[in-house]
Asks: 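The structure's right below; bear with me while I get my questions together.
We use all heavy atoms of the structure for the numbers below, so side chains are in, but hydrogens, waters and symmetry mates are not.
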Amino acid sequence: MSFYLGIDFGTSGARAIVICDSGIIQFQDSLSFSASCLNLAQQWREVLYQLLDRIPLHLKRQLAAIAIDGTSATVILGDKFGNPLDEPILYNDDRGKIVLERIKSIAPPNHPVISATSSLAKLYWWSTRSFYPQAHYFLHQADWLSYLLHGQLGVSDYHNALKLGYDVENLRYPDWLPGRDLLPRVLPPGTPVNNISPNLAQRFGINRDCLVCSGTTDSIAAFLAGGATQEGEAVTSLGSTLVLKLLSSTRVESSRYGVYSHRLGDLWLVGGASNTGGAVLRHFFTDEELVQYSAEIDPSLWSGLVYYPLLRAGDRFPVNDPDLQPQLQPRPDNPVRFLHGLLESMARIEAQGYGRLQELGATPLKKVYTAGGGAKNLTWQQIRHSYLKIPVMVSPHTEAAYGVALLAKGDVQSIYSEIK
């Protein structure tokens, strides 16, 4: 029997999951770190090695492959040895806004790089710093962590590289992108890069023939774990926000609504996100109240309440209005009815979101898997079914680490006919 390791790195922690040939989880573990401290990359390295150290030896001796996902557009600028020249810039850091006009002058309309938080914006911001001439490599979080395992600098995947400007349709950097010397070589996600380095194999007792594969982003890894495998199937993540991802035969891009497509073999993963979601629910209710009140709701009845649940003004998808005000009135005295109205309104926004993706040209929706904390709420699931009018089910797995373990195992390549 062979085993496959997936490691999911976020902004404040990492999780490792080992699966066997049949996909059954054999081991999982997690560690946290502080994103606000100096030497963040060093913390990543230490957590990565601690996770490897904590995996049972009998599993490590039969590890066949490893893959890592990281937060999209969290990046590192490295010297010729891969050592960071500066602190990593995190996914939501918008310092790139000062170079945004430069990007707009060269990038096509609607391209994902036209954002203050894109990888390209961060690279161009770094190009204004005094230490930039020392740079040899521009890497994403997953690229750098994978390099620590396989020893090959300058390798990425086309999921992470999308916001760097990589042309995922023609599988090359575009002609409009100048100064490509620092940019990584881009491979399909899950491509074997090299065996694990001999030093690490010996240090941690890992099979020397274990392959380290190119990775992906954390959100796509979570999608891969969700269970959608056919065009028209989607995964809704009911976390702090409401994130929709739909497998489509057609590529869809719309900067107006924050919609763009990742390549997934012969298909496209079309995504959009609303600011509504679990953060709103937790603002008004405790976890215990959400469980109790949800059980008292009759999902076959209409609450009579129409909200647009937000904690602050503004949404981009499915409604594009930066000044859109939260609509949370009237608020009934009965908390069960108030929760009913919130759940219905979020279900309506989800349905509008999938409708928007189809208006933009995506494949019609056929089935929705549900991930995130909200997936546990069966009442909400029934309400969502009444709005979507297609099968709605809970994802078999919800951890991004599980999805990237499937990537290491090669399941993703076979399911989505990954192009090599």
Asks: Do Ile7 and Leu145 come within less than 4.5 Å of each other through their side chains, counting heavy atoms only?
Replies: no
Asks: Looking only at heavy atoms, what is the nearest atom pair of Pro364 and Gln358, with distance?
Replies: CA-OE1, 3.3 Å
Asks: Going from CD on Gln141 to OG on Ser119, what distance comes out if it is rounded to the nearest 0.5 angstrom?
Replies: 11.0 Å
Asks: Is there a donor-acceptor contact under 3.5 Å from the side chain of Ser395 to the main chain of Thr398?
Replies: no
Asks: Can you see whether Asp315 engages Ser274 through a side-chain donor-acceptor pair at a distance of less than 3.5 angstrom?
Replies: yes
Asks: Please test Phe3 against Arg61 for side chain to side chain contact (heavy atoms under 4.5 Å, CB included), starting from the C-alpha separation and ending with a verdict.
Replies: CA-CA 9 Å; Phe3 300 105; Arg61 285 174 174 163; over 6 Å; no
Asks: Sub-3.5 Å donor-acceptor pair from the side chain of Ser240 to the main-chain atoms of Ala279, do we have one?
Replies: no
Asks: If we ignore hydrogens and angles and just use 3.5 Å, is the side chain of Asp157 paired with the main-chain N or O of Ser214 as donor and acceptor?
Replies: no
Asks: Assess the pair Phe338 and Tyr307: is the distance between their ring centroids shorter than 6.0 Å?
Replies: yes
Asks: Could you grab the distance from atom CG of Leu162 to atom NE2 of His262, nearest 0.5 Å is fine?
Replies: 5.0 Å
Asks: Step by step, work out the side chain to side chain contact (heavy atoms under 4.5 Å, CB included) result for Ile103 and Val113.
Replies: CA-CA 7 Å; Ile103 293 174; Val113 298; 3.8 Å; yes
Asks: Is there a side-chain contact between Asp287 and Val291 in this structure, where contact means two heavy atoms from C-beta onward sitting under 4.5 Å apart?
Replies: no
Asks: Quick one: pull up CD1 in Ile390 and NZ in Lys366 and give me the separation to the nearest 0.5 Å.
Replies: 11.5 Å
Asks: Determine whether Val155 and Asp143 make a side-chain contact, defined as any pair of heavy atoms from C-beta on separated by less than 4.5 Å.
Replies: no
Asks: Is it true that the side chains of Arg356 and Ser254 contain a donor and an acceptor less than 3.5 Å apart?
Replies: no
Asks: Could you pull out the closest heavy-atom pair between Leu139 and Pro184, with the gap in Å?
Replies: CD2-CB, 4.4 Å
Asks: Give a yes or no on whether the backbone of Met393 and the side-chain of Thr370 come within a donor-acceptor separation of less than 3.5 Å.
Replies: yes
Asks: Kindly assign one of parallel, tilted or perpendicular to the pair Phe285 and Tyr293, based on the angle between their ring planes and the thresholds 30° and 60°.
Replies: perpendicular
Asks: Would you give the length of the straight line joining atom OH of Tyr158 to atom OG of Ser156, rounded to the nearest 0.5 angstrom?
Replies: 12.0 Å
Asks: Taking atom CZ of Arg180 as the centre, report whether more than 12 heavy atoms of other residues, nucleotides or ligands fall under 6.0 Å from it.
Replies: yes
Asks: Mind checking whether His111 and Glu253 have side chains closer than 4.5 Å, heavy atoms only?
Replies: no
Asks: Hydrogens and angles aside, do Asp21 and Tyr4 bring a side-chain donor and acceptor to less than 3.5 Å of each other?
Replies: yes
Asks: Look up atom CG in Asp8 and atom CD1 in Ile17, then write down how far apart they are to the nearest 0.5 Å.
Replies: 8.5 Å
Asks: Between Glu87 and Leu40, which heavy-atom pair has the shortest distance, and what is it?
Replies: OE1-N, 3.1 Å
Asks: Can you measure from CG (Leu149) to CG (Leu48) and round to the nearest 0.5 angstrom?
Replies: 5.0 Å
Asks: Grab the two heavy atoms, one from Val252 and one from Gly361, that are nearest each other, plus how far apart they are.
Replies: CG2-C, 3.8 Å
Asks: Got a donor-acceptor contact below 3.5 angstrom from the Tyr402 side chain to the Gly23 backbone?
Replies: yes
Asks: Under 3.5 Å, is there a donor-acceptor pair between the side chain of His140 and the main chain of Thr74?
Replies: no
Asks: Just by modelled atom types, is the Val392 backbone N or O under 3.5 Å from a matching donor or acceptor in the Gln381 side chain?
Replies: yes
Asks: Mark yes or no for whether Ser118, through its side chain, and Ile114, through its backbone, hold a donor-acceptor pair below 3.5 Å.
Replies: no
Asks: Test side chain to side chain contact (heavy atoms under 4.5 Å, CB included) on Cys213 and Leu407 and set out the steps.
Replies: CA-CA 8 Å; Cys213 304; Leu407 192 68; over 6 Å; no
Asks: So for atom CZ, which belongs to Arg282, do other residues, nucleotides or ligands contribute more than 12 heavy atoms lying within a distance under 6.0 Å?
Replies: no
Asks: Is a side-chain N or O of Ser248 found less than 3.5 angstrom from the main chain of Thr363, in a donor-acceptor match?
Replies: yes
Asks: Met346 and Gly277: which non-hydrogen atoms are nearest, and at how many Å?
Replies: CE-O, 3.2 Å
Asks: For residues His340 and Glu344, is any side-chain donor paired with an opposing acceptor at under 3.5 Å?
Replies: yes
Asks: Fit a plane to each ring of Phe204 and Tyr49, take the angle between them on a 0 to 90° scale, and name the class: parallel (under 30°), tilted (30 to 60°) or perpendicular (over 60°).
Replies: tilted
Asks: Shortest non-hydrogen contact from Ala313 to Gln325?
Replies: CB-NE2, 3.5 Å
Asks: Is there a donor-acceptor pair closer than 3.5 Å between any side-chain N or O of Tyr137 and the backbone N or O of Leu77?
Replies: no
